[in-house]
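Worksheet for the structure shown next.
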Amino acid sequence: MIDDEQLRDVLRREAESHQPDLVGLRARFEAGRAATPAAVGTDQCGGGSGRARPRLSRLTLLLGSPGRRGAPILRSAILVAAVVCAVSVMVHRAQPQTGPTATVPSPPGPAYCASGDDEVLGRYWLLNNLWGADKGTGHQCVRSLSHQGSRIGWSTDWDWSGGPGQVKSFASVVLGWEWGWKVPGTGLPVAVSDLRTVRTNWNFTLTQKTPNDLDVAYDLWFHNVPHPTDENPSAEVRVLLYHTGGEAVPPASKVGTVTIDGASWDLYRTGSSWDVFSFVRSSPTTSAELDLKDFIDKARSIGVPGSFDYLSSVQAGADVRTGSGRLTTTDYSVRID
Amino acid sequence: VSSRAGGTSEEFEVFFVRHQRELARLGYLLTGDHAAGDDVAADALLAAWVNWSRVCSRDRPIAYVRRMTINLAASRVRRDVRERRGLLAILPGLDQFAPVADSAAVIDVRTALMRLPAGRRACIVLRYAFDLSETEVAEALEISVGTVKSQTSKAAAQLRLALAQFRSDGATPAGTDVETADQVRSRRR
């Protein structure tokens, strides 16, 4: 067994073994800089152009502290959208708020447009998940619309092109795990054997500015360890309420058709690192009141024993491949018993 | 949008040149991939440039840009793992896409590092490979010094065990999740 000093040495040598391509690094930086609007990017310490300064400070204030920002913004479109969103929110926020506070939904929150940006809404958090953004070109923002107890509303806007058939983003509301934990007190993970119901309702409207290739879906995650952090999930169950565009799932992976809650669902099984069960509603809907436990049970009945040990996360949102549009969730809740 | 006139300020340029190599190496150790390491360093420096008016006034701008590098590396690794969803046909025959340029010992260290949870990996890399103090690591990761201590010691124990195991086996273990992510990425290029 190597000792501590040897380990330090191994790691130092490993770091030094990487000879960065400094020309390529600079080129990537410069490409990002060229794509950044002049009003946003500046490297003047403290001073800078008087015209740009107030907007920059308000924008960064609304988008969160530097540490909370997600990926840096490489596409000018994202920044332009961020500025537009932030400015419109500033206008909104500037208006006096009236009326009782206890029963009136909160005003729309700021738009979050950078990769990984998020907003905590009680037990849930809203995540601007841009995990496939580099497969194409475009942008996406999320914002909260309302939050009362366990009921929330939110919206997302996107515009994606290129990379046909590949998911660019999953603007989503997360309850529980997402490669780690953010909000305490979610009641997750819970052993599937102890799970009685996962009741949910979801009402949304979908506005298609151009024809979209997308799914509006629940995404349930399972682990075979009780306290997962970075571990791969063991299984994933997707419940697609609405699908438009190309194939949501490779057709060859279809394993059957099932009836749940009076509706017909096509069931597909895919996955490599973990099992993925996709239930695609035969007739799309924009309003659902379901017990997701019904889907879990069905997937378990054909799944590998053990891969459903713990339910770690319930997520819901839009898996967008291409197109431009808006998903507005007017009412969403999940209750796990 | 037209490109900006002029270059970066002298102050930022000095910062860029001084830290680019360290950040690329940090990115490399956290992603396990040479090209990805350079990418996340460039993106972190771009984030610093965009936010420079605030970043520069901090005591230590380097803490900010290190944190950006760490965050970007973590999301890159997660995305690469996640995007394998639905890649049914890719797993068999992955070996042919394995990197060939690195020696077995390098792959051992990289594999062992990539098996650590991201938080532990960041702690041990900053403490051991870059010789940062516990306070500097806490600042870069926005966590407490106590957490840095415990994460680093867990990571060190895990790494020592893994490296000892690889050396006694005399071969790089095949089929870890992270290797697969790298290989899928190489295949796409």
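Quick caveat, the model's predicted, so the values are computed rather than measured. Sequence lines set the chain letters: A, B, ... in the order given, protein chains first and strands last, and positions in each chain run from 1.
Only the side chain of B:Val17 comes within less than 4.5 Å of a heavy atom in chain A; its backbone stays farther off. Using a 4.5 Å cut-off between heavy atoms, A:Glu16 touches chain B through backbone and side chain atoms alike.
Listed by chain and residue number, B:Tyr128, B:Arg160 satisfy the side-chain hydrogen bond (donor to acceptor under 3.5 Å, both in side chains) test with A:Asp4 (two or more places apart in sequence, or in another chain). Partners of A:Asp215 by side-chain hydrogen bond (donor to acceptor under 3.5 Å, both in side chains), not counting sequence neighbours, listed by chain and number: A:Arg238, A:His243, A:Arg321. Remark: A:Glu30 pairs with A:Arg26, A:Arg33 by the side-chain hydrogen bond (donor to acceptor under 3.5 Å, both in side chains) rule, at least two apart or across chains.
Here A:Ala15 is the residue among A:Gly24, A:Ala15, A:Ser278 with the most heavy-atom pairs under 4.5 Å with chain B.
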### Task
Give the intermediate values and the outcome of side-chain contact (heavy atoms from CB on, under 4.5 Å) for residues A:Leu25 and B:Leu45.
CA-CA 10 Å; A:Leu25 194 160; B:Leu45 284 161; 4.1 Å; yes

### Task
Check step by step if side-chain contact (heavy atoms from CB on, under 4.5 Å) holds for A:Ile2 and B:Leu159.
CA-CA 10 Å; A:Ile2 62 174; B:Leu159 270 184; over 6 Å; no

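Within the model, atoms NE2 of A:His18 and CG of B:Asp38 stand 4.0 Å from one another, a figure rounded to the nearest 0.5 Å. The line from CZ of A:Arg28 to CG of B:Asp43 is 4.0 Å long, rounded to the nearest 0.5 Å. One finds the CZ atom of B:Arg110 at 8.0 Å from the OG atom of A:Ser17 (value rounded to the nearest 0.5 Å). For the atom pair B:Tyr28 OH and A:Glu14 CD, the distance stands at 4.0 Å (nearest 0.5 Å).
For the residue pair A:Leu11 and B:Ala129, the shortest heavy atom distance occurs at O-CB, 3.6 Å.
Interface with chain A: from residues 18-26 of chain B, residues B:Gln20, B:Arg21, B:Ala24, B:Arg25 qualify, criterion being any non-hydrogen pair under 4.5 Å.
Side-chain N/O atoms of A:Asp21 and B:His34 include no donor and acceptor closer than 3.5 Å.
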